[in-house]
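Atoms considered below: every heavy atom in the structure, side chains included; atoms not considered: hydrogens, waters and symmetry mates.
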Amino acid sequence: MYITITPQKLGGSYSQSVADYVDYLEKENQGLEQQDMELFFNQYGDEISAKEVIKEIDSNTAKLKKKEPKFYSITISPSKYELKQLQNNSSDLKAYTREVMKDYVASFNREINGRPITIDDIKYYAKIEHQRKFKGTDFQIKENQPYTTKILQLKQDIRKIENGKLEGNISKLKKSINQLEKEAPHQQNGKRIVQGMKKDGNQSHIHIIVSRKDASNALSLSPGSKYRASEVVMNGKNVKRGFDRDSFFANAEKTFDRQFRYKRNYAETYQAKKDFIKNPKLYFSVLMGLPTTEKAAAFKILGKSGVPMMNIPTNKAQLAIKAFKRLKKGVDVAIKSSSIGI
């Protein structure tokens, strides 16, 4: 499970309207019949139009300054292993979204009239998408880059020869390009993986737009708050504030496992990511100490994420400094590319 929470920006400033982001999320519906489209939904309704989403989010920004985010984007990307556990991607992910937004609300250290905030106190709209494209941060793109650079240079040479600016054998250069295309380490359907190429397989994921203001347009609820659990004095009263991201990420994972009876391997847990970041030696020590079948599954998960498996020691004694550094670099790349994580 990989989750991100981000304020939407245009350049160096925050978006003043959600319209552009909504239009972006509508891209998969282009050219589809009405019955085949994925529409927006929230806690209590389905088939919500893009127009309504824009109206509701844009009108819910009372007293927010131009330099403050008007809404946040939450993206939830289940792994292919998690998606295999689902019976129906669209309906199951909608049901999961409605449960995980309860976890979101519970992660706020805020009260309204002396009571904790509830799901009824927030305004959000979500959408299921089924396609993904390779990005520059994906390990496949990075590891193919040397071949991409050489191919680009050869194509530039061919254009120069055609324009009379360079002498050379075009036919020979084209053969070199074809050879490089085949030698690139990461291929999909017989073609070199390049940035912008659609990913094969099940790529279903969730996009959620959540208003910065509560449903009454009175309170500011920021998941970007640095205050994890604190109290401040407002209007002469002690008021709880802050958002506990750690709690939200952990509970989102637990909710998925409970809802779909998913047996999660250590290598794909939020706890594992925290262990890796805070104490890498502990991470690898726990990894090596897993039962044989679980360790084999963990290695498979890491391998699919781009970690160099030949560098993984078979026991704790082999966890030498040199091998440890190589392996840590591989896992770090996988985490940064969103291949593994929360």
Applying side-chain contact (heavy atoms from CB on, under 4.5 Å) to Glu47 and not counting sequence neighbours gives Leu39
Grab the two heavy atoms, one from Asn217 and one from Ser59, that are nearest each other, plus how far apart they are. ND2-O, 3.3 Å
Applying side-chain contact (heavy atoms from CB on, under 4.5 Å), run through Phe41 and Ile128 and close with a yes or a no. CA-CA 9 Å; Phe41 65 95; Ile128 309 298; 4.0 Å; yes
Does the salt bridge (Lys or Arg N to Asp or Glu O under 4.0 Å) test come out yes or no for Glu162 and Arg159, once each step is laid out? CA-CA 5 Å; Glu162 291 173 338; Arg159 284 195 291 271; over 6 Å; no
Lys213 (side chain) donor-acceptor with Ala62 (main chain) under 3.5 angstrom: yes
Kindly say whether Thr118 contributes a backbone atom to a donor-acceptor pair with the side chain of Asp121 at under 3.5 angstrom? yes
With a 3.5 Å cut-off and no angle check, do the side chains of Gln43 and Tyr124 form a donor-acceptor pair? yes
Under the side-chain contact (heavy atoms from CB on, under 4.5 Å) rule, what do Lys94 and Ser91 come out as? Steps first, then yes or no, please. CA-CA 5 Å; Lys94 280 184 180 180; Ser91 61; 5.6 Å; no
Examine the side chains of Tyr262 and Glu268 and answer whether a donor and an acceptor come within less than 3.5 Å of each other. yes
Under 3.5 Å, is there a donor-acceptor pair between the side chain of His207 and the main chain of His205? no
So, taking the atom named CD1 in Ile158 and the one named NZ in Lys160, what distance separates them when rounded to the nearest 0.5 Å? 12.5 Å
Which atom pair, heavy atoms only, marks the closest approach of Glu82 to Pro78? OE1-CA, 3.1 Å
Heavy-atom pair with the smallest gap, counting every atom of Ile5 and Tyr72: CG2-CD2, 4.3 Å
Do Arg192 and Ile151 have side chains that approach each other closer than 4.5 Å (heavy atoms only, starting at C-beta)? yes
Verify whether one side chain among Thr75 and Tyr2 offers a donor that lies under 3.5 Å from an acceptor in the other. no
Keeping the roles fixed (side chain from Tyr96, backbone from Ala252), state whether a donor-acceptor pair exists under 3.5 Å. yes
Look only at the side chain of Asn202 and the backbone of Lys80, and say whether a donor-acceptor pair between them is shorter than 3.5 Å. no
For residues Tyr44 and Asp120, is any side-chain donor paired with an opposing acceptor at under 3.5 Å? yes
For atom NZ of Lys150, is the number of surrounding heavy atoms from other residues, nucleotides or ligands below 6.0 Å larger than 12? no
With side-chain contact (heavy atoms from CB on, under 4.5 Å) as the criterion, how do Val22 and Tyr125 come out once you've worked through the C-alpha distance, each side chain's angles and the decisive distance to 0.1 Å? CA-CA 10 Å; Val22 169; Tyr125 297 92; over 6 Å; no
Contact summary for Pro146 and Glu143, nearest pair of heavy atoms: CD-O, 3.6 Å
Quick check with a 6.0 Å cut-off and a 45 degree axis cone: is Lys66 positioned over the face of Tyr14's six-membered ring? no
Give a yes or no answer on whether the side chain of Arg98 reaches the backbone of Asn42 with a donor-acceptor pair at less than 3.5 Å. yes
Within the structure provided, determine whether Tyr81 and Lys263 are in side-chain contact (heavy-atom separation under 4.5 Å). no
Between Gln140 (side chain) and Ile193 (backbone), is there a donor-acceptor pair under 3.5 Å? no
Group every Ile, Leu, Val, Met, Phe, Trp and Tyr by side-chain heavy-atom contacts under 4.5 Å, then state whether Ile48 and Ile206 land in the same group. no
Check the orientation of Phe256 and Phe260. Use parallel for under 30°, tilted for 30 to 60°, and perpendicular for over 60°. tilted
Distance col, row Leu25:CG vs Asp20:CG, nearest 0.5 angstrom, shows 11.0 Å
Group every Ile, Leu, Val, Met, Phe, Trp and Tyr by side-chain heavy-atom contacts under 4.5 Å, then state whether Ile122 and Val100 land in the same group. yes
Ring-plane angle category for Phe248 and Tyr104, please: parallel below 30°, perpendicular beyond 60°, tilted otherwise. perpendicular
Is the shortest heavy-atom distance from the side chain of Ile76 to the side chain of Ile208 under 4.5 Å? yes
The test is side chain to side chain donor-acceptor pair (under 3.5 Å); show your working for Thr149 and Gln153 and say whether it passes. CA-CA 6 Å; Thr149 301; Gln153 182 60 55; over 6 Å; no
Nearest 0.5 Å, please: how far is CG in Leu287 from CZ in Phe276? 11.0 Å
Residues which pass side-chain contact (heavy atoms from CB on, under 4.5 Å) with Gln87, listed by chain and number, not counting sequence neighbours: Asp92
From Lys254 atom NZ to Gln259 atom CD, the distance as rounded to the nearest 0.5 Å: 15.5 Å
Polar side-chain atom of Gln195 near backbone of Phe134 as donor-acceptor pair, under 3.5 Å: no
Is a side-chain donor-acceptor pair under 3.5 Å present for Ser220 with Arg212? yes
What pair of heavy atoms forms the shortest contact from Lys198 to Gln188, and how long is it? O-NE2, 2.7 Å
For Pro185 and Tyr147, which heavy atoms make the closest approach, and how far apart are they? CD-CE1, 3.4 Å
Got a second to check how far Leu282's CG is from Phe284's CZ, nearest 0.5 Å? 11.0 Å
Ala218 meets the side-chain contact (heavy atoms from CB on, under 4.5 Å) criterion, sequence neighbours left out, with Asp214, Ser216
By side-chain hydrogen bond (donor to acceptor under 3.5 Å, both in side chains), Lys70 pairs with (sequence neighbours left out) Gln16
Begin with the C-alpha distance, continue with both residues' side-chain angles, and end with the deciding distance and a verdict on side-chain contact (heavy atoms from CB on, under 4.5 Å) for Leu86 and Leu93. CA-CA 8 Å; Leu86 307 182; Leu93 290 178; 3.7 Å; yes
Any sub-3.5 Å donor-acceptor pair from Asn265's side-chain atoms to Ala267's backbone N or O? yes
Among all residues two or more places apart in sequence or in another chain, which pass the side-chain hydrogen bond (donor to acceptor under 3.5 Å, both in side chains) test with Ser90? Glu38, His130
Please test Asp138 against Arg132 for salt bridge (Lys or Arg N to Asp or Glu O under 4.0 Å), starting from the C-alpha separation and ending with a verdict. CA-CA 12 Å; Asp138 288 325; Arg132 276 198 179 283; over 6 Å; no
Flag if over 12 foreign heavy atoms under 6.0 Å of CZ, Arg261: no
Reported CG-to-CG distance for the pair Asp246 and Asn251, which is rounded to 0.5 angstrom: 9.5 Å
Do other residues, nucleotides or ligands put more than 12 heavy atoms under 6.0 Å from Lys27 NZ? yes
State whether the side chain of Gln187 and the backbone N or O of Glu181 hold a donor-acceptor pair below 3.5 Å, judged by distance alone. yes
Between Thr148 and Asn144, a side-chain donor and acceptor under 3.5 Å: no
Under 3.5 Å, is there a donor-acceptor pair linking the side chains of Ser73 and Tyr21? yes
Going by atom type alone, with no hydrogens or angles, which donor-acceptor pairs under 3.5 Å involve a side-chain atom of residues 172-180 and a protein atom two or more places apart or on another chain?
unit_1	atom_1	unit_2	atom_2	d
Ser176	OG	Lys172	O	3.2
Asn178	ND2	Lys174	O	3.4
Gln179	NE2	Glu183	OE2	3.0

